[in-house]
Amino acid sequence: MSTTAKKPSNVRPVMQNVVATPPSDSDSRLDAASLQKLGTSTALTLGRKQAWYDFRSTLPLLVSDILASSVAVTAATLVHRWNGGTPHPAFCISVVLLVVLMHRIHGLYPACGASYAQEFRGIMQTCIVVTVGVAFGLLMSSSLNAFPWLCWATLSITLFFSLAAVRPIARRILSPFDWWTQPVVIVGNGAASRQLYDRLDRSRHEGLRPAGIIFDPTRHWDGSPATHAPEQKTTKSQIRDQADGQFYRIDSTEGVRRPNGSPSGNGAPVRRSESCWLGPTTELESILRGTGACRLALAEQDAGQWQDFHAFHGIPHVMLPMDFSYHPTESVRLAERGSGIELHCYTALTSPHAQLAKRVIDLVLVLLTLPFWLPLMIAIAIAIKVFDPGPVFYYQDRVGRFRSPFRAIKFRSMVCDADRRLSEYLQKNPQMMKEWKRTHKLQKDPRVTKIGVFLRKTSLDELPQLFNVLLGEMSLVGPRPIIDSGDYDREYIQEYPEVFELYQMVRPGITGLWQVSGRNSTSYTQRVFMDRFYLHNWSISLDIFILWRTVKTALLREGAC
């Protein structure tokens, strides 16, 4: 592998039938020395451009937050007038300004790259500060006896629901527009760069979009002459792109081109329909100018090459991968100590105070909502008896806290002779046996009754598990209760012992991260990953977020079968 050749200023594809061996894993890593350093003028230009991007991304979110908070303030004002009160003229403006200020402090402008869970936490913190501040202001202007409790309660409830509901809607509406999403240039040679590209493209609602990928040419150097068509005279060394299988040649007379031949390095805007490969890392400055990107994301992690941050000086935003797997991420703090960086992780999973708070919240929510769910359960029980006579409830042994077994209660959604019906169905449809062995579920299960289909689609079949919560066997939010019987969940217990160890420290939940993240449309491995994430990053705010998302999931019947 030659490393003494001149830096290629431009790259273009050479279409030819050349068979080459893919680079090894070590060759797919990047060399920090190949990354072009930015000039001072370019760095200052990027800083000004990033400020403009942030303003442009913030403005529509700011407008949506002002509208949402204005709706809450209007509702509180109308309730106060209806109750015979006279709101202060500055009440409306002060609440809206306080919401905007706290959103800014909590990092919700422009919040590019933030997940909805992180955004939800910031919204909840804003609402707490605003409602407490409003209560203090109302107390200072009136006595405790004359405190407008109804007005304050209306503001507290409507402010939270309006802000939490409007934000994701606004992001979904804005996500298709390139002017709102900020471009990110990805650095990488291997398949990880394409995966990162796809992930950013799928997550445009978070305010980021992939501008393309740049690669390290020194890792894919081939000194052998090329076999090409007569009209293509290639005398230079070639660069092979591992992911696309394209072959590039160095040509100082041509502009940086993508495999489809469209220029990108000389100011041409990057369009989503074009190839994602932009050019070599030696052309970083011209590529940043051409794409208009102020953000850089590394796809591959190589601590030995990227420990020194000087290679990224002048770039406003840089995303670096870390050599950590399955660690807590929601409650972490970076600290620079001496010549190194320390990552401080905190988890509340085993904290007795946090566990007590979680248990108190479970009991309070279940008991407060008792007048709503108890009559609903009675109505469902009557419907089951009328349309499919037999037992109303179905009991199943599940693994609980400390691996203690308990009987989970559900409404019966299957016929009484479910085992016989399943055996007959699998015998007549052997192609469905593979699906059953893989997931122990069938998308079109012949055992499910007509009312059972409705109960499963709306997740109402799990409503009786509220009694398990009252008995202390389950929690409202937690990992899905597993079954330690036969082939059920053996993969969970045997292949993911570290997750099962964490699972035994908590009570399983009626709902959880898996239920609000695709449910049956996800794989078993994804379910385990979601349980791992939840157990590593558990917090009261995360539980509230999952409960909030559960309402949407149940209403829209997402992932249910």
Side-chain angles (χ1 to χ4, degrees), residues 1-14 23 26-43 45-46 183-190 192-194 196-197 210-223 226 234-244 246-259 261-268 270 274-300 302 304-315 318-320:
M1 179 177 292
S2 172
T3 57
T4 58
K6 295 181 180 179
K7 289 183 178 180
S9 59
N10 302 293
V11 174
R12 71 175 184 180
V14 178
S26 60
D27 286 338
S28 68
R29 295 179 301 177
L30 293 161
D31 187 358
S34 70
L35 195 66
Q36 183 187 38
K37 306 299 188 298
L38 300 185
T40 302
S41 60
T42 301
T45 301
L46 289 180
V184 181
V185 169
I186 300 169
V187 182
N189 285 3
S193 58
R194 292 299 297 266
L196 180 57
Y197 184 98
I213 305 172
I214 62 176
F215 52 89
D216 181 2
T218 63
R219 292 289 177 179
H220 301 315
W221 205 268
D222 183 2
T234 305
T235 58
K236 304 285 185 176
S237 299
Q238 297 177 348
I239 303 169
R240 183 186 187 278
D241 169 31
Q242 177 183 359
D244 273 3
Q246 300 276 3
F247 288 84
Y248 297 82
R249 75 179 179 196
I250 302 169
D251 191 339
S252 59
T253 63
E254 297 277 350
V256 177
R257 293 181 178 269
R258 300 184 184 86
S262 58
S264 66
N266 297 321
V270 174
E274 296 177 350
S275 172
C276 61
W277 300 96
L278 299 175
T281 53
T282 50
E283 292 295 326
L284 175 64
E285 187 167 344
S286 62
I287 289 174
L288 288 178
R289 288 201 305 268
T291 59
C294 300
R295 294 174 180 263
L296 197 70
L298 269 70
E300 287 96 359
D302 186 2
Q305 298 290 342
W306 302 105
Q307 280 183 342
D308 195 345
F309 194 76
H310 80 279
F312 313 107
H313 286 173
I315 302 177
V318 180
M319 186 178 76
L320 298 173

What distance separates [X] [atom1] from [Y] [atom2], expressed to the nearest 0.5 Å?
X    : Y    : atom1 : atom2 : value
T42  : R289 : OG1   : CZ    : 6.0 Å
L288 : L296 : CG    : CG    : 6.5 Å
E283 : F215 : CD    : CZ    : 10.0 Å

Determine the minimum heavy-atom distance between [X] and [Y], stating which atoms define it.
X    : Y    : result
A297 : L196 : CB-CD2, 3.9 Å
P183 : A211 : CB-CB, 3.9 Å
E300 : G188 : OE1-CA, 3.1 Å
C294 : I315 : O-CG2, 3.7 Å
S193 : A299 : CA-CB, 3.4 Å

Query raised in the report: Does the pair V184 and Y197 meet the rule for a side-chain contact (heavy atoms from CB on, under 4.5 Å), with working shown?
Result: CA-CA 9 Å; V184 181; Y197 184 98; over 6 Å; no
Query - side-chain contact (heavy atoms from CB on, under 4.5 Å) partner of I214, chosen from N189, T282, I186, L284 - result: L284
Query - Within-4.5 Å side-chain heavy-atom neighbours: I213 and V187 - result: no
Query raised in the report: Can you tell if the side chain of L38 reaches within under 4.5 Å of the side chain of F312, non-hydrogen atoms only?
Result: no
